[in-house]
Number of protein chains: 2
Amino acid sequence: MSDATGPDAAAGRGHAALVEDGVEFDGRDAALLRAVDAAGSVAGAASALGRSRARALSRIETLEDAYGTLVERRRGGEGGGGSRLAASGRDLLDRYDRLQAVLAATASVPETVLRGTVEAIDGEIAVVDTAVGALSGLHGATGDEDAGGDGSDGGTVAAGDPVQVRIGADAVTVNDAASEVDPDATSARNRLTGRVSRIDSGETVSTVRIGVEPVDRGERVEAAVEVAALITAESVGRLGLAPGDRVSLRWKATATRLVAHAE
Amino acid sequence: MSDATGPDAAAGRGHAALVEDGVEFDGRDAALLRAVDAAGSVAGAASALGRSRARALSRIETLEDAYGTLVERRRGGEGGGGSRLAASGRDLLDRYDRLQAVLAATASVPETVLRGTVEAIDGEIAVVDTAVGALSGLHGATGDEDAGGDGSDGGTVAAGDPVQVRIGADAVTVNDAASEVDPDATSARNRLTGRVSRIDSGETVSTVRIGVEPVDRGERVEAAVEVAALITAESVGRLGLAPGDRVSLRWKATATRLVAHAE
DNA sequence: CACCGTTGTATCTATGCCGATACAACGACG
DNA sequence: CGTCGTTGTATCGGCATAGATACAACGGTG
C-alpha cells in the first residue's frame with residue numbers, strides 16, 4: 001500500500017484463521033469473544049455487533065465443541081444472568097492476535113526469495129544450492145501434512161528438488177565486513193558478503209539492500225542477487241552504512257525457510 | 001493430536017488466504033490452479049477435483065478480476081482448446097505457498113511470550129518494560145488497519161499500553177557468555193544472559209530453553225522467565241551447551257513483535 | 001465440412017449460514 | 001411471588017455459493 005519501499009513488500013495482504021477440529025476461528029469470532037468480554041453478556045455482545053443473538057450463541061457453542069470452554073454462561077440471577085470470557089477463551093484470543101501479528105509482519109517485512117535446488121537433506125535442515133552459493137535452512141516438514149488443505153505445498157522436500165529459499169529481512173544481521181567475528185562464537189551459520197546498494201530509511205527502521213555477487217559457475221551467468229535486511233536506523237548510523245560499503249551478512253539456518261517450488 | 005514430539009508445537013494449526021480487492025485466494029483456489037496446470041484444461045481440472053466445471057470457470061473469472069490474468073484460456077483448436085497457467089498465476093501460487101510456509105513455521109517454531117508495558121515509542125520501534133528488563137521491538141502498525149477485520153488487534157500501540165512481546169525462537173542467537181562480542185559490530189540489540197535449563201534435541205535442530213533472571217523490582221516477585229531459542233544441533237555441539245551453562249542471548253529488535261494485549 | 005472437446009453463458013436447484021422471531025427456563029431482587 | 005434480562009431452543013425466510021444441466025461458440029483435425 002504505502003509507497004515504493006519495496007517492490008512488492010506490502011502486496012501480500014492476507015487473512016488468517018485458527019483451525020481446530022475442522023472449525024475455523026476467524027476475525028468475526030474474535031470480535032464476538034471480545035464483545036462478550038466487553039459487554040458481559042452474549043446478548044449485549046450481539047446487539048453491540050449488530051448480529052443475531054441466537055446465531056451468536058450457537059456459534060459460540062460450535063466453537064466450544066472444537067476449542068473447549070470459551071465463555072462461562074450463567075442464566076438467571078442478578079441482572080438476569082450474563083456471560084464472562086473464560087481463561088481459555090482469553091488464551092484463544094491471544095493465540096489469534098499473535099497469528100495476526102505474524103501475518104502483518106510477513107506482509108510488511110520484505111523478504112528475499114532465491115531459487116535453488118536441494119543439495120542434501122539432514123533432518124530438518126536442508127542445504128540448497130543457489131546463485132550465491134550453498135545456503136542452509138529449515139524445510140517446513142514438521143511431521144504432518146495439512147489434511148483438509150491444498151495439494152502439493154509445504155510438505156516434504158527431497159534432494160534435487162527445486163525450491164524457493166525464503167529469507168525474512170528481519171532475520172538478517174549486518175556486520176562491518178572488516179571486523180569479522182569469530183565464527184565459532186555464534187550460532188548464525190549462513191553468511192554472505194556484498195555491497196550496500198540501497199538504503200530505505202523509515203522513521204527508526206531502515207531496509208538495507210545488499211547486492212551479492214553470484215558465484216562463478218561456468219558459462220551460466222546469473223543475475224546479481226539483492227538481499228534485503230531490516231535493521232534499526234540507529235544501527236545504520238552506528239555502522240556508518242552507505243551505498244557502496246562492503247558488509248557481511250549473517251543469518252541463522254533456523255530462520256531460513258524452504259518452499260517446494262513446482263515445475 | 002499426533003503425539004509427543006513437542007509439548008504444544010502443533011497446537012496452533014491455522015489457515016491462511018491471500019486477500020486482494022476483497023477476494024480471497026485460499027487453498028481451494030490454489031488446488032484449482034494447480035489442477036489446471038496439471039490437466040491442461042479447466043474442464044479436466046474440475047473433473048479431477050470433482051467440482052462443477054461452470055463454477056470453476058466462474059471462480060477463475062472472479063479471481064482474475066482481483067488478481068489479474070491467471071489462466072490463459074483458448075477455445076477451439078487442437079484438442080478442442082485448453083488452458084495454461086499464466087506466469088502471474090504461477091507467481092500467485094508461489095505467494096500462497098510462501099504464506100503457508102510462514103504459517104507452518106509459526107505453528108512449529110516455539111515462541112517466547114512476555115507480558116510488558118510500553119515504555120516509549122519511537123517510530124516503528126517500541127521499548128517495552130518486561131520482567132527481564134527493557135526490550136525493544138516492532139509494533140505491527142505499518143500504517144493501515146484491516147478494514148473488514150477485527151476489533152482491537154494489531155494496530156497502534158501507545159506508551160503505557162499493556163502488550164505481549166513475541167520472540168520467535170528462530171530469531172534468538174545463542175552465544176557463549178564468556179566470549180563477548182564487540183557490541184558495536186553487530187546490529188542485534190536485545191540481549192540477555194541466563195542459564196540453559198533444557199535442551200530438546202531434534203534430528204538436526206534443537207530447542208534450547210534458557211532461564212533468565214527477572215530484574216529486581218522492589219517487593220514484586222516475578223516468576224522466572226524461560227526464553228526459547230532454536231538452533232542447529234551442530235551449534236549446540238560447537239558451543240558445548242549443556243543444562244546449567246551460562247549463555248548470552250541476542251536477537252534483533254526487528255525480529256521482535258508486539259501484540260496489543262487487551263485488559 | 002462434419003467431428004470433437006474445450007471455452008463461454010445462462011438457468012434451475014440444493015445447501016448452508018445468517019438474521020429474525022418466538023417462547024420456555026432460570027434465578028436474584030424487590 | 002412477580003419482575004427482569006439473560007440463557008437456551010426451535011422455526012422460518014433471505015441470501016449467497018456451489019452443483020447440475022443445457023446450449024452456443026470456437027477452431028484445429030480428419
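What's counted below: heavy atoms across the whole structure, side chains too, no hydrogens, waters or symmetry copies.
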Handout entry: Electrostatic pair B/D170-A/R257, nearest N-O below 4.0 angstrom
Key = yes

Handout entry: Exam field: side chain B/H139 to backbone B/E124, donor-acceptor pair closer than 3.5 Å
Key = yes

Handout entry: First of B/V42 and B/A54 reached from the 5' end of DNA chain C, by closest nucleotide
Key = B/V42

Exercise for the section: To the nearest Å, give me how far apart CZ (A/R84) and C1' (D/dT6) are. Expected result: 16 Å

Fill in the blank from the handout: To the nearest angstrom, the CG-P distance between B/L49 and D/dA20 comes to 13 Å

Completion exercise
Span of DNA chain C engaged by chain A, first through last nucleotide within the 4.0 Å heavy-atom cut-off, is C/dC18 to C/dA28

Exercise for the section: Residues of residues 69-78 of chain B with any non-hydrogen atom less than 4.0 angstrom from an atom of DNA chain C: list those, numerically ordered, please. Expected result: B/R73, B/R74, B/R75, B/G76

Exercise for the section: Grab the CG-P distance between A/L57 and D/dA10 for me, whole Å please. Expected result: 12 Å

Handout entry: Nearest heavy atoms of A/G89 and A/L33, plus distance in Å
Key = O-CD1, 4.2 Å

Fill in the blank from the handout: The answer to which of B/R59 and B/G80 contacts DNA chain D further toward the 5' end, by nearest nucleotide, is B/R59

Handout entry: SB check B/R95 B/E20 (cutoff 4.0 Å)
Key = yes

Exercise for the section: Could you tell me whether the side chain of A/D161 and the main chain of A/V163 form a donor-acceptor pair under 3.5 Å? Expected result: no

Exercise for the section: State which of D/dT21, D/dA18, D/dC12 makes the closest approach to the side chain of B/R55. Expected result: D/dA18

Practice task
Would you mind classifying the nucleic acid contact of B/S58 as base, sugar-phosphate or nothing, using non-hydrogen atoms under 4.0 angstrom?
Solution key: nothing

Handout entry: Minimal non-hydrogen separation, B/I167 against B/V172, with atom names
Key = CG2-CG2, 3.6 Å

Handout entry: Backbone N/O of A/D29 and side chain of A/Y96: donor-acceptor pair under 3.5 Å
Key = no

Exercise for the section: Mark yes or no for whether B/T117, through its side chain, and B/P162, through its backbone, hold a donor-acceptor pair below 3.5 Å. Expected result: no

